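Take a look at the structure set out below.
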Amino acid sequence: MKMLVTAGPTREFFDSVRFISNPSTGKMGFAIALAAAHRGHEVILIAGPVALDDPPGVQTIRVVTAQEMFDASSAAFQGAHAAIMTAAVCDYRPVAPMNKKLAKSDQPKQVTLEATDDICANLGSQKGDRVVIGFAMEDHDHQAHAQAKLLRKQCDAIVLNGPRNVGAERAEVEILQAGGVWSAPISDTKAHIAIVVVELVERLVAEKSRS
Ligand code: CTP
């Protein structure tokens with residue numbers, strides 16, 4: 001099966017050397033890409049700027065901005081059976097980035113931001129019989145927010161993630177399938193959670209191909 005995995009943060013520059021981003025390290029997405037490759041799948045990993053090496057057996061495409069991740073993901077999804085969206089995509093970007101370094105001054109500065117496109121929602125809206133898995137980063141009203149994202153982005157399942165998981169080797173997640181109920185909380189290494197997610201994708205793709 002062909003799978004697309006997004007991972008890591010994006011960077012949205014407001015001048016030639018400074019950007020808005022977040023602390024995502026890409027570990028969960030890289031672990032999923034590696035687990036999928038180990039299970040014999042053809043994997044395209046689309047990664048924002050992270051300090052991780054390309055996983056063996058995985059086609060890794062490095063991107064920087066949300067727009068680059070959107071473009072690479074849209075192209076890769078055409079030939080895929082499933083997309084697993086672990087990336088911490090910036091929701092906003094500066095409207096008018098300066099093409100040189102902003103000089104320091106004592107005056108307050110304002111940066112006007114515009115929304116980036118939602119990659120996961122875009123793939124969800126065109127998925128047909130393909131499978132889309134989202135990751136929801138929540139720090140309050142966790143299950144309600146994650147469930148709303150599952151519906152809004154037309155995901156087949158959503159993995160509820162929390163800020164404590166960022167950068168760690170282990171994670172605590174819960175998984176909600178469309179039309180289903182929440183899994184029991186899973187507290188394990190990211191390598192093991194990756195296998196759980198890939199097995200879920202395999203099952204969902206098989207179910208869709210039978211129906
Ligand atoms: N996502 C995406 N493109 C975006 C924003 C998010 O593909 N521009 C994906 C993430 O990769 C994740 C899911 O959408 O799979 C949920 O991301 P999350 O950051 O939890 O939620 P947001 O949609 O950004 O909403 P909010 O910031 O309000 O929580």
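Since this is a predicted model, take the numbers as computed values, not measurements. Order of appearance sets the numbers: ligands from 1, and atoms from 1 within every ligand.
The shortest N or O to N or O distance between A88 and ligand 1 is not below 3.5 Å. When only interatomic distances are considered, the shortest N/O to N/O separation between I119 and ligand 1 falls below 3.5 Å. In terms of polar-atom proximity, F135 is counted as a contact of ligand 1, with an N or O under 3.5 Å from an N or O of the ligand. Residue I133 places no N or O, backbone or side chain, under 3.5 Å from any N or O of ligand 1. Backbone and side-chain nitrogen or oxygen atoms of K149 are examined, and one is located within less than 3.5 angstrom of a nitrogen or oxygen of ligand 1. The shortest N or O to N or O distance between A87 and ligand 1 is below 3.5 Å. At a 3.5 angstrom cut-off on N or O pairs, D117 counts as close to ligand 1.
Looking only at protein heavy atoms, the nearest one to atom 5 (C) of ligand 1 is D91 OD1, 3.5 Å. For atom 4 (C) of ligand 1, the nearest protein heavy atom (residue, atom name, distance) is V89 CB, 3.5 Å. Annotation: atom 7 (O) of ligand 1 to nearest protein heavy atom, C120 N, 2.8 Å.
The side-chain hydrogen bond (donor to acceptor under 3.5 Å, both in side chains) check on Q59 picks up nothing, with sequence neighbours excluded. The side-chain hydrogen bond (donor to acceptor under 3.5 Å, both in side chains) search around K149 returns E138, not counting sequence neighbours.
When all heavy atoms of P23 and V166 are compared, the closest pair comes out as O-CG1, 3.5 Å.
Applying the 6.0 Å contact sphere to NZ of K101 captures no more than 12 heavy atoms from other residues, nucleotides or ligands. Within 6.0 Å of CZ in R164 there are 12 or fewer heavy atoms belonging to other residues, nucleotides or ligands. In E42, the CD atom is not crowded: 12 or fewer heavy atoms of neighbouring residues, nucleotides or ligands sit closer than 6.0 Å. For NZ of K2, the number of neighbouring non-hydrogen atoms (other residues, nucleotides, ligands) closer than 6.0 Å is 12 at most.
Separating the CD1 atom in I133 from the CG atom in L4 is a distance of 11.5 Å, to the nearest 0.5 Å.
Closer than 4.0 Å to atom 28 (O) of ligand 1 lies none of the heavy atoms of the protein.
No heavy atom of A66 sits closer than 4.0 Å to any atom of ligand 1. Between N122 and ligand 1 there is no heavy-atom distance shorter than 4.0 Å.
Under the 4.5 Å side-chain contact rule for hydrophobic residues, I193 and M137 do not share a cluster.
The closest non-hydrogen atom to atom 6 (C) of ligand 1, taken over K153, Q67, M85, comes from K153.
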